[in-house]
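In what follows, a structure is listed as structure tokens, so that the remarks can point back to it.
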Number of protein chains: 2
Amino acid sequence: MPAAERFALYLSKHRLKMTRERRALLEHVLSVRGHFDVDDLLRRLGRTGHRVSRATLYRNLPVLVESGLIHKVEMARGQARYERMVGRHHHDHMVCLGCGDILEFESPEVERIQEEVCRRKRFVMTGHTHQIRGYCGSCAGDGRARGKER
Amino acid sequence: MPAAERFALYLSKHRLKMTRERRALLEHVLSVRGHFDVDDLLRRLGRTGHRVSRATLYRNLPVLVESGLIHKVEMARGQARYERMVGRHHHDHMVCLGCGDILEFESPEVERIQEEVCRRKRFVMTGHTHQIRGYCGSCAGDGRARGKER
DNA sequence: CTCTAGTTGCAACTCAGTCTCAATTATGAT
DNA sequence: ATCATAATTGAGACTGAGTTGCAACTAGAG
Ligand SMILES: [Zn+2]
Ligand SMILES: [Zn+2]
Ligand SMILES: [Zn+2]
Ligand SMILES: [Zn+2]
């Protein structure tokens, strides 16, 4: 099912309305590749003439998340980033403390162990965050890797 | 090596001073069991007559972390918690969205895979965060597990 | 004891995100 | 198409966690 349709369906199912703002947001969110934050999105929307307020953005990103179209990535110190999830599957992140770059990794094995741990502890998992911090190849070379954990 | 000594050593190595405030903080931090946040600590210190300002706390928790005596646990939405690490080894967390309880788990296997992933991507890991969100045994029972991801 | 770099408390400030509310608008029913 | 109503919006005030500038204080080396 195309993303726009999926979104429309989600909205009507929850008695939410398909507003101009939501349409603009959806469109932009689907076209970004990579990880983005609220300000990226706001700037992007502004540039193309769609005026969407910051409040509206903050109100609707969770809706996009709930509908499964994007995913929220919680970075250190509560900075949230998002990424399109249409046509992609779950993965986790490595964040470079040098250049801020975000690499992705996936490990079915880790996911399996998580499930196993939850089963053993009678814990019902609804989500998880798994982030590796450090320095990417290019940053690790030039002394920057000496930096301490932030 | 006893914790206090380790701390003293760390301080002198970095030309930092062993102040009254740091001593009080150290003492309290070592006596707490479980996970705590800044306000817990502040209240606790207040109760025992040690007046330590919030700013000083915020300035010194990273010092404790650097010296390896405590560990910072970044929760969702940037709320930081800490835990004593003296005489304990690395573990990760499961956070109950119902009651806020924090369970711990450890998996050498997961740690190994992480290392492996980093090696493969030429990424120098300095730390990682691995958190499972969901509902603990008692909360999962009573409808609360229906709650959405927060 | 003296000197100095490190430390402290306070209050002002930042930053991300949330909330309030009056005005606007999508949508289902007539 | 028109209406009624509940959802939505933008602006700006507000929140909470954490940071910062600064003047007064103090640990610790010499
Ligand atoms: Zn994962
Ligand atoms: Zn990603
Ligand atoms: Zn781990
Ligand atoms: Zn723990």
Side-chain angles (χ1 to χ4, degrees), chain A residues 4-5 7-26 28 35-43 45-46 49-67 70 72-82 100 129 148-150, chain B residues 4-5 7-28 35-43 45-46 49-67 70 72-82 100 148-150:
Chain A
E5 199 176 323
F7 189 43
L9 190 64
Y10 176 88
L11 290 180
S12 78
K13 240 184 195 141
H14 292 256
R15 288 200 195 61
L16 301 177
K17 298 171 174 178
M18 178 57 91
T19 63
R20 191 173 351 97
E21 290 79 3
R22 281 185 179 139
R23 242 186 306 266
L25 178 52
L26 174 67
H28 281 249
H35 306 81
F36 58 91
D37 64 19
V38 175
D39 284 314
D40 290 338
L41 208 45
L42 204 55
R43 232 173 293 124
L45 282 163
H50 295 97
R51 261 178 269 78
V52 177
S53 74
R54 188 174 298 268
T56 295
L57 229 52
Y58 275 113
R59 279 190 281 240
N60 282 301
L61 283 167
V63 178
L64 270 306
V65 170
E66 285 291 314
S67 66
I70 64 175
K72 181 175 184 174
V73 187
E74 310 248 14
M75 311 294 286
R77 276 170 81 238
Q79 286 124 276
R81 305 194 135 268
Y82 296 84
T129 300
K148 43 189 97 166
E149 274 280 295
R150 187 65 38 82
Chain B
E5 198 176 324
F7 190 44
L9 191 63
Y10 177 88
L11 290 180
S12 79
K13 238 183 197 141
H14 292 256
R15 288 198 198 62
L16 301 177
K17 296 172 175 177
M18 177 58 90
T19 63
R20 194 173 346 96
E21 291 79 2
R22 282 186 178 138
R23 243 186 303 268
L25 178 52
L26 174 66
E27 181 193 322
H28 280 250
H35 306 81
F36 58 92
D37 64 19
V38 175
D39 283 314
D40 290 338
L41 208 47
L42 204 56
R43 232 173 293 124
L45 282 163
H50 297 96
R51 262 177 269 79
V52 177
S53 75
R54 189 173 297 268
T56 296
L57 230 51
Y58 275 113
R59 279 191 279 240
N60 281 301
L61 283 166
V63 178
L64 270 305
V65 171
E66 285 292 315
S67 67
I70 65 176
K72 180 176 186 174
V73 187
E74 310 246 14
M75 311 292 287
R77 276 167 82 241
Q79 287 124 273
R81 304 194 135 268
Y82 295 84
K148 44 190 95 163
E149 273 282 292
R150 187 37 29 112

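Just so it is clear: chains get the letters A, B, ... in the order the sequence lines come, proteins before strands, and each one is counted from 1. The shown structure was predicted, so the numbers you read here are calculated from the model rather than taken from an experiment.
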- Message: Please report the distance, rounded to the nearest Å, between CE in B:Met75 and C1' in D:dA17.
- Response: 15 Å
- Message: A:Thr129: which residues meet the side-chain hydrogen bond (donor to acceptor under 3.5 Å, both in side chains) condition with it, sequence neighbours left out?
- Response: B:Arg133
- Under the salt bridge (charged side-chain N to carboxylate O under 4.0 Å, His left out) rule, collect the residues that match up with B:Arg43, sequence neighbours excluded. B:Asp40
Show me the protein contacts with nucleotides 27-30 of chain D, counting only N or O atoms at under 3.5 Å.
residue	atom	partner	partner atom	Å
D:dA27	N3	B:Lys17	NZ	2.9
D:dG28	OP1	B:Met18	N	2.9

- Task: Take the C1' atoms of the five end pairs on each side of the helix from C:dC1-D:dG30 to C:dT30-D:dA1, derive the two axes, and give their angle rounded to 10 degrees.
- Result: 30°
- With sequence neighbours excluded, residues passing salt bridge (charged side-chain N to carboxylate O under 4.0 Å, His left out) with A:Arg59: none
- Message: I'd like to check the salt bridge (charged side-chain N to carboxylate O under 4.0 Å, His left out) partners of A:Arg20; sequence neighbours left out, ordered by chain and number.
- Response: none
- Could you state the atom-to-atom distance from CG of B:Leu61 to C1' of D:dA17 in whole Å? 13 Å
- To the nearest angstrom, how far is A:Arg54 atom CZ from D:dC14 atom P? 18 Å
- Query: Which residues satisfy the side-chain contact (heavy atoms from CB on, under 4.5 Å) test with B:Leu42, sequence neighbours excluded?
  - Reply: B:Asp39, B:Arg54, B:Leu57
- Task: With heavy atoms under 4.0 Å as the rule, sort B:Asn60 into base, sugar-phosphate or nothing.
- Result: sugar-phosphate
- Query: What residues, two or more places apart in sequence or in another chain, satisfy salt bridge (charged side-chain N to carboxylate O under 4.0 Å, His left out) together with B:Arg81?
  - Reply: B:Asp37
- Spacing between B:Asp39 atom CG and D:dG18 atom C1', to the nearest angstrom: 11 Å
- Validation row: A:Leu11, A:Val63 side chains within 4.5 angstrom (heavy atoms): yes
- Mind checking side-chain hydrogen bond (donor to acceptor under 3.5 Å, both in side chains) for B:Ser12 and listing every partner two or more places apart, or none if nothing turns up? none
- Task: Find the distance A:His14:NE2 to D:dT8:P and express it as a whole number of Å.
- Result: 12 Å
- Roughly how far, to the nearest 0.5 Å, is the CG atom of B:Leu16 from the OH atom of B:Tyr10? 6.5 Å
- Task: Measure from NZ on B:Lys72 to C1' on D:dA17 and round the result to the nearest Å.
- Result: 10 Å
- Item | Residues that A:Arg23 engages under side-chain hydrogen bond (donor to acceptor under 3.5 Å, both in side chains), provided they are two or more places apart | none
- chain A contact limits on DNA chain C, taken 5' to 3' with a cut-off of 4.0 angstrom to heavy atoms: C:dA16 to C:dT27
- Query: Hey, does B:Arg59 reach any base, or is it just sugar-phosphate, or nothing, if we go heavy atoms under 4.0 Å?
  - Reply: base
- Message: Rounded to whole Å, how long is the line connecting atom CZ of B:Arg77 with atom P of D:dG16?
- Response: 11 Å
- Query: Could you give the OH-to-P distance, from B:Tyr58 to D:dG16, as a whole number of Å?
  - Reply: 12 Å
- Can you list the residues that meet the side-chain hydrogen bond (donor to acceptor under 3.5 Å, both in side chains) rule with A:His35, with sequence neighbours excluded? A:Glu83, A:His93, A:Glu104
